[in-house]
Amino acid sequence: MVELKTKTSIAAMHAAGQVVGQALTAVREAARVGVSLLELDEVAREVLRAAGASSPFLGYRPSFATTPFPAVICASVNDAIVHGIPTGYRLGDGDLLSVDCGAVLDGWAGDSAISFVVGRPRPEDLRLIDTAERALAAGIDAAVPGGRVGDIAHAIGRVCRAAGYGIPHGFGGHGIGRRMHEAPDVPNEGRPGRGFPLRPGMVLAIEPMVIASGKDTYYEADDGWTLRTSDGSRAAHAEHTVAITEDGPRVLTARTTD
Ligand code: MG
Ligand code: MG
């Protein structure tokens, strides 16, 4: 069932989304060569703690997971696409890091992700990240009343494919509200005019993922969580929580900086 949110609920989700935005901004500022992924997780924990928010990631155990997620961010480096568990790994020069973070504030969830390079970037990595962000922007633009979920999926997929990148099917966006993952699923590729109708009050997490090699294949690492590209090529991820309103899409996890 797809739950429509009231304006009051969307305002509360915006507050949760702002905490997520602050956490991602703080993590990005702290991410330097030599800093560990666990240290970045602690940065995000402190932002959530200071805001009085809890983490929907910490202890999360969906059906595919054999162990509960142990952190408040997903930190996915280079060939890791999403769901990377923060470890003692210290970031190296030129690493491509995707950070996904959620927050629950006053019972409402927010979910957002960014990708960036630590140290000196390779041009091909910047292009990959830029494409994930452009795909996200295209998906958000399609999140309007009267549209369909397939319009969002099509908009995302078209940007990714035009750039020559792969798309890891089976993982993508979702409805969000009191729970982080609600109906409907929002795939990262699809047919326009198909799927669930978009109505004011729907709130969706839209989250393109791109694989540099152009192949779509991935595997789950031994930790039971991290998704990695099958061919070792790099991946990028971008995500916002977006409310569909009568005035169009409203990004609830917008960051004030970057
Ligand atoms: Mg996320
Ligand atoms: Mg999400």
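First listed ligand is number 1; within each ligand, the first listed atom is number 1. For the numbers below, each heavy atom of this structure counts, side chains included, while hydrogens, waters and symmetry mates do not.
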Suppose the cut-off is 2.8 Å; which protein N/O/S atoms would you list for the Mg ion (ligand 1)? Asp100 OD1, Asp100 OD2, Asp111 OD1, Glu239 OE1
Compute whether any side-chain donor of one residue and acceptor of the other, for Asp111 and His174, lie under 3.5 angstrom apart. yes
With a 4.0 Å cut-off on N to O distance, would you call Asp125 and Arg234 a salt bridge? yes
Could you check whether His154 and Glu189, counting side-chain N and O atoms only, form a donor-acceptor pair closer than 3.5 Å? no
Determine, for Arg127 against Glu124, whether the closest basic-nitrogen to carboxylate-oxygen distance falls under 4.0 angstrom. no
Of all the N, O or S atoms in His174, which one sits nearest to the Mg ion (ligand 2)? NE2
Kindly assign one of parallel, tilted or perpendicular to the pair Tyr60 and Trp225, based on the angle between their ring planes and the thresholds 30° and 60°. tilted
Is a side-chain donor-acceptor pair under 3.5 Å present for Asp95 with Tyr89? yes
